[in-house]
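Keep in mind the model is a prediction, meaning the values are calculated, not measured. In the text below, chain A, chain B and the rest are named by the order of the sequence lines, each starting its count at 1.
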Amino acid sequence: MKSEPDVFSFEDLLKAAGRTTSWEGVRNYQARNFMRDEFRVGDGVLFYHSNSEEAGIAGIAEVVKAGYPDPSALDPKSHYYDENAAKKGENPWFLVDVKATAKLRATVTRDELRAEKKLAKMMVLQKGSRLSVQPVTAEEFELVCKLGAARKI
DNA sequence: GCCAACGTTGGC
DNA sequence: GCCAACGTTGGC
């Protein structure tokens, strides 16, 4: 899951109540489908910092609540308010709750990710890969944890 | 700041 | 339903 650290960083997640946050504001249908249909409680999450000097995997998290409607879409005060959804009275947007579960020695940068042949197919490394929520294989997840010397918290 | 890649919008 | 125009993302 991608986030711009200026907006919400892994450090912010560590500071959040229960080290948990609702992943609100995703307004892309493909990403929505993943959160609505694929996420299961207990799934591992690679927390990716995008648009940053140090782009890469900044920390490890876990799904603690599976897909449910994103309340920010219907909240006029929210930055993520969706006027169309509110007018129709139907909320098409979903989110999940994630909790920080492990720290890394340091951000595993894109260079480090690219240096691993086994990660060559990782979606986030593909050119033009803008999707903010992406599937990751168990093998990729474990390898990133290893590269970053993940420590449970 | 540039720009390629991609998603969305809207005229037709 | 096509596709040009536009907006956004995000690496570099």
**Student:** Between A:Asn51 and A:Asn28, who's closer to the 5' end of DNA chain B by nearest nucleotide?
**Tutor:**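 On the 5' side of the pair lies A:Asn51.
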**Student:** Would you say the side chains of A:Arg27 and A:Ser72 form a donor-acceptor pair under 3.5 Å?
**Tutor:**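 Indeed, the side chains of A:Arg27 and A:Ser72 share at least one donor-acceptor pair under 3.5 Å.
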**Student:** So which nucleotide from B:dG7, C:dG11, B:dA4 ends up closest to the side chain of A:Gln30?
**Tutor:**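 Selected nucleotide (nearest to the side chain): B:dG7.
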**Student:** Whole-Å distance between C:dG10 C1' and A:Glu4 CD?
**Tutor:**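 Those two atoms, CD and C1', are 8 Å apart.
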**Student:** In this structure, how many angstroms lie between the C1' atom of C:dT9 and the CE atom of A:Met1, rounded?
**Tutor:**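 Spelled out: CE on A:Met1 to C1' on C:dT9 is 17 Å.
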**Student:** In whole Å, I'd like the distance from the CZ atom of A:Arg110 to the P atom of C:dG11.
**Tutor:**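 So the two atoms are 5 Å apart, to the nearest Å.
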**Student:** Are the side chains of A:Tyr29 and A:Trp93 in contact, using a 4.5 Å heavy-atom criterion?
**Tutor:**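 Contact flag for A:Trp93/A:Tyr29 side chains = yes.
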**Student:** Please report the distance, rounded to the nearest Å, between CZ in A:Arg32 and C1' in B:dT8.
**Tutor:**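 Atom CZ in A:Arg32 sits about 15 Å away from atom C1' in B:dT8.
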**Student:** Could you tell me whether A:Lys77 sits above the aromatic face of A:Tyr81, with NZ or CZ closer than 6.0 angstrom to the six-membered ring centre and within 45 degrees of the axis?
**Tutor:**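 No, a cation-pi geometry is absent between A:Lys77 and A:Tyr81.
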**Student:** Is any side-chain N or O of A:Lys2 closer than 4.0 Å to OP1 or OP2 of C:dG10?
**Tutor:**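 Yes, such a contact exists.
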**Student:** Measure from the side-chain heavy atoms of A:Arg130 and tell me the nearest of B:dA5, C:dC12, B:dT8.
**Tutor:**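 Of the candidates, B:dA5 comes closest.
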**Student:** With a 4.5 Å limit on heavy-atom distance, are the side chains of A:Ser132 and A:Met1 in contact?
**Tutor:**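 In short, these two side chains do not touch, never coming nearer than 4.5 Å.
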**Student:** Do the rings of A:Phe8 and A:Phe47 sit parallel, tilted or perpendicular, given the 30° and 60° boundaries?
**Tutor:**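 Plane angle between 30° and 60°, so tilted.
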**Student:** Write down the distance between CD (A:Glu54) and P (C:dG10), rounded to a whole number of angstrom.
**Tutor:**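 Result: 18 Å.
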**Student:** For B:dC6 and A:Tyr29 - does any side-chain N or O of the residue sit under 4.0 Å from the phosphate oxygens OP1/OP2?
**Tutor:**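 For A:Tyr29, the contact criterion (side-chain N or O under 4.0 Å from OP1 or OP2 of B:dC6) is not met.
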**Student:** Starting at atom NZ of A:Lys127, determine the distance to atom P of C:dC12, rounded to an integer number of angstrom.
**Tutor:**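 Answer to the nearest Å: 10 Å.
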**Student:** I need the NE2-C1' distance between A:His79 and C:dT8, as an integer number of Å.
**Tutor:**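 Result: 12 Å.
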**Student:** Take atom NE2 of A:His49 and atom C1' of C:dG11, then tell me their distance rounded to the nearest Å.
**Tutor:**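 Going from A:His49 (NE2) to C:dG11 (C1'), I get 16 Å.
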**Student:** Determine the contact category for A:Arg27: base if any of its heavy atoms lies under 4.0 Å from a base atom, sugar-phosphate if only primed atoms, P, OP1 or OP2 are that close, otherwise nothing.
**Tutor:**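 Nothing, no nucleic acid heavy atom in range.
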